[in-house]
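Order of the sequence lines sets the chain letters (A, B, ...), proteins ahead of strands, with each chain counted from 1.
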Protein chains: 2
Amino acid sequence: MSKRTSLKDIADKVGVSTALVSYVINGQEKEKRVGKEVVKKIRTAALELNYQPNQIARSLRKGSTKTIGLIVADIANPFFGNLARVIEDEASRLGYTVIFGSSDEDSGKMESLVDILINRQVDGFIIVPAEGTELQIKALQEKKIPLVLTDRYFIDVTTNYVALDNYGASFDAITHLIANGYKKIGMIAYKSNLIHMQERVRGYIEAMKANNLENEIRLEEVRYNYTMIDNEKAMNNLAIGEKKIDAILFATNSLTVSGLYCIKKLNLKIPEDLAIIGFDGNEAFDFFYTPLTYIEQPIEEMGKEAVGMLVEQIDGSTKIAHIKLRHTLIKRQSSL
Amino acid sequence: MSKRTSLKDIADKVGVSTALVSYVINGQEKEKRVGKEVVKKIRTAALELNYQPNQIARSLRKGSTKTIGLIVADIANPFFGNLARVIEDEASRLGYTVIFGSSDEDSGKMESLVDILINRQVDGFIIVPAEGTELQIKALQEKKIPLVLTDRYFIDVTTNYVALDNYGASFDAITHLIANGYKKIGMIAYKSNLIHMQERVRGYIEAMKANNLENEIRLEEVRYNYTMIDNEKAMNNLAIGEKKIDAILFATNSLTVSGLYCIKKLNLKIPEDLAIIGFDGNEAFDFFYTPLTYIEQPIEEMGKEAVGMLVEQIDGSTKIAHIKLRHTLIKRQSSL
DNA sequence: TTTGAATGTTTAATCGATTAAGCTTAATTT
DNA sequence: AAATTAAGCTTAATCGATTAAACATTCAAA
């Protein structure tokens, strides 16, 4: 790497101290009363030498890196990819750069990601926390590192967060199914204590109860690392045989997609044999032979809010905000 | 942010100089002959104080940040999301962290991303270059910043790159269509001078010529920012009316998806009215009423190779490698 | 006994930018 | 003329870790 130009190079060229150069570069020539001639010379020299300030040095000195650490479950998952994109744009608008990592819903991986990003002195974190990471989050808070949780949060750890009103979303979806005449409604969710999953399940159960269908409740839980296998079992349990149901709500995008593969395999007619509602948008939902009804999340709002809240924290605010966003139920043929 | 523990804190606690602490922390106690007792004390103190080295300070001193800058067209696009994921994992395996940005295929955005990442002193770049960014790439080379291009590259700029053998992929797809009896084969591509697009088109044209079908060549070019509109026009031109074709090759994932929307709208029967072949995998391809034949890219290999090549460069290698990877043609009903 | 190694440790410069404090002149006020 | 103020600039410490070089002590060889 050929030597980059530093403040010193400019200072030498113009024949002044680095202090003056720094003032001019940072637009403080007025406050610091730098001579007009000198300002011009410095500006010219900076351009000629194509000076770019070294952010690392600046960060070390200032104790702030203008960097946000983003931890999601998996950047390859379209939901998180889209979220990451929104966060990137919003962060960049506010002068921040994003470093990311995927936790794979694994608390160990998440811990090492957090450590790595702390060592890189990120100014704050946006985290989609994995199961069992309460203590990690608490530790971050004790270190007074700005932090916003997204998608999920912990009831017993008071943090900033932006999440969907998951309870309301499920409730709405189930209510919609019931309104369309379905009664034997099942749900396939991930086996997880995370609040977003619990709330989605709770919305299902409460909606069933509210319609006196508590006896029809059929919840199947799938392990994250065995999505396909467990989902297939679950679908067999629910959609086949004597006690088969007539509608299903899937709790996430990936569960919906893997569910669709099962449905194809089982050769089920949608919505005649089984009505379905999915979670999050996905191009696949549009091209399934019966277009899918699904719960749409306001990803853009979620990402923007998260960045906004985080930057407020970084700028010194200590207020804690809990934001719950509303879903949109996109109604199509799969639930008619 | 409560004060983090620094080398100095440990040094003070143990009663030695920071030098010794640094040696021990970096596992150089043998070479630097640090006393056994002292080593123990330092280790203990480091644990007690939960010492985490400040990477910023280390980076400034060492002139290396152990950071890779990744620039893709759009992280929300599944192809790039998957690529990013592979790159993240491989980078992390080698001790690197990834900073990313999306260029939106815009040379201006790409330039500012590159500048920002340079100022953050990334050790090297993995770039999916936008159209018209040859000079930016050349500038990076002149600054001797390690660099690997992916997905595309420039003929007149000699750089490391990893890309698909796009010519071969198109050629193969067209050959497959012809083997299945299709003759009036069209192609929808992006209007772009980028090599990957040019090669995909060239593969199409050469395959047609090789089969004495040069008179049937029907190429439609779509503008990136008007994918939907232009694609719809293109589809109307190709698939409707007197001179309609009987098969189409789409040049990218996004073109394929938007093409599927058109096909749905036009109510075409696949493959009876029109055979189609898409680019890259996509869950939507599996659920389209006729499962799609598509050209699969070896994303994992691509990402791993890119990181591997980049780290070699960072470690001082100056050899230039051009890697072309082979596709896999996933044959299904849409091209029967 | 002297010289030379070997061992163990400290000192201080360095990376590049920031910034409080101090130092010159010149200009203005009393 | 002396004192004050302003204008314009430099000095040097600082952020935290790294590392070449110097220093000090002990031990062994000549």
Side-chain angles (χ1 to χ4, degrees), chain A residues 1-43 45-46 49-67 118-123, chain B residues 1-43 45-46 49-67 118-123:
Chain A
M1 223 171 289
S2 69
K3 211 180 68 276
R4 289 166 42 104
T5 64
S6 68
L7 275 192
K8 184 121 201 333
D9 297 330
I10 300 182
D12 288 350
K13 178 157 185 179
V14 178
V16 295
S17 71
T18 60
L20 281 197
V21 181
S22 174
Y23 295 145
V24 172
I25 296 291
N26 291 295
Q28 298 183 288
E29 62 269 20
K30 285 276 173 302
E31 303 93 298
K32 305 293 178 177
R33 317 183 283 245
V34 183
K36 286 195 170 183
E37 279 303 303
V38 174
V39 170
K40 253 186 210 160
K41 279 191 198 162
I42 290 176
R43 288 252 165 74
L49 299 176
N50 186 31
Y51 173 70
Q52 302 287 133
N54 182 325
Q55 281 293 342
I56 297 290
R58 181 178 272 177
S59 296
L60 179 59
R61 178 58 224 244
K62 293 244 224 176
S64 119
T65 54
K66 287 277 174 184
T67 302
I118 286 184
N119 295 352
R120 290 181 185 264
Q121 312 290 122
V122 297
D123 290 342
Chain B
M1 221 171 288
S2 67
K3 210 179 71 276
R4 291 165 41 105
T5 63
S6 69
L7 273 192
K8 185 124 198 331
D9 297 329
I10 300 182
D12 287 352
K13 178 156 185 178
V14 178
V16 294
S17 70
T18 61
L20 281 196
V21 181
S22 174
Y23 294 146
V24 172
I25 297 291
N26 291 294
Q28 297 183 291
E29 63 267 19
K30 284 276 174 304
E31 303 93 297
K32 304 295 179 175
R33 314 181 288 245
V34 183
K36 285 195 172 184
E37 279 302 304
V38 174
V39 170
K40 257 186 208 159
K41 279 191 198 163
I42 291 176
R43 287 253 165 75
L49 299 176
N50 186 31
Y51 172 70
Q52 300 287 132
N54 182 324
Q55 281 293 342
I56 298 289
R58 182 178 272 177
S59 295
L60 179 60
R61 177 59 223 246
K62 293 243 225 175
S64 118
T65 54
K66 287 278 174 184
T67 301
I118 288 184
N119 295 351
R120 291 183 184 263
Q121 313 288 122
V122 296
D123 290 343

What residues form a side chain to side chain contact (heavy atoms under 4.5 Å, CB included) with Ser59(B), not counting sequence neighbours? Ile56(A), Gln55(B), Thr65(B)

Determine whether the side chains of Asn26(B) and Arg58(B) contain a donor N or O and an acceptor N or O closer than 3.5 Å. yes

Go through Val21(A) and Ile25(A) one step at a time and tell me if the side-chain contact (heavy atoms from CB on, under 4.5 Å) criterion holds. CA-CA 6 Å; Val21(A) 181; Ile25(A) 296 291; 4.0 Å; yes

Specify the closest pair of heavy atoms between Ala57(B) and Leu60(A), including all atoms of both residues, with the distance to one decimal. CB-CD1, 3.8 Å

Using a 4.0 Å cut-off on heavy atoms, which residues in residues 50-58 of chain A reach DNA chain D? List them by number, or say none. none

Do Val38(B) and Leu20(B) come close enough that some side-chain heavy atom pair is under 4.5 Å? yes

Nucleotide range of DNA chain D lying under 4.0 Å from chain A heavy atoms: dA7(D) to dG16(D)

Return the value, rounded to whole Å, for the distance between atom CG of Asp12(B) and atom C1' of dT10(C). 14 Å

In whole angstroms, the gap separating P of dT19(C) from CD of Gln28(A) amounts to 6 Å

Bending between helix ends of the helix from dT1(C)-dA30(D) to dT30(C)-dA1(D) [5 pairs per end, 10° resolution]: 70°

Show each protein N/O and nucleotides 3-9 of chain C N/O combination with a separation under 3.5 Å, one pair to a line.
unit_1 : atom_1 : unit_2   : atom_2 : d
dT9(C) : OP2    : Gly35(B) : N      : 2.8

Side chain proximity check, Leu49(B) to Ile10(B), heavy atoms < 4.5 angstrom: yes

Determine which pairs satisfy salt bridge (Lys or Arg N to Asp or Glu O under 4.0 Å) with at least one residue from residues 6-31 of chain B, sequence neighbours left out, and list them in order. Lys8(B)-Asp12(B), Lys13(B)-Glu48(B), Glu29(B)-Arg43(B)

Show the nearest heavy-atom pair for residues Tyr23(A) and Val34(A), with the distance to one decimal. CB-CG2, 4.3 Å

Roughly how far, to the nearest 0.5 Å, is the NZ atom of Lys40(A) from the NZ atom of Lys36(A)? 8.0 Å

I need the minimum non-hydrogen distance between Gln52(B) and Arg4(B), along with the two atoms involved. O-NH2, 2.7 Å

Does Lys32(A) reach the side chain of Val24(A), with side-chain heavy atoms less than 4.5 Å apart? no

Is the shortest heavy-atom distance from the side chain of Gln121(B) to the side chain of Asn54(A) under 4.5 Å? yes

Kindly say whether Ser64(A) contributes a backbone atom to a donor-acceptor pair with the side chain of Asp123(A) at under 3.5 angstrom? no

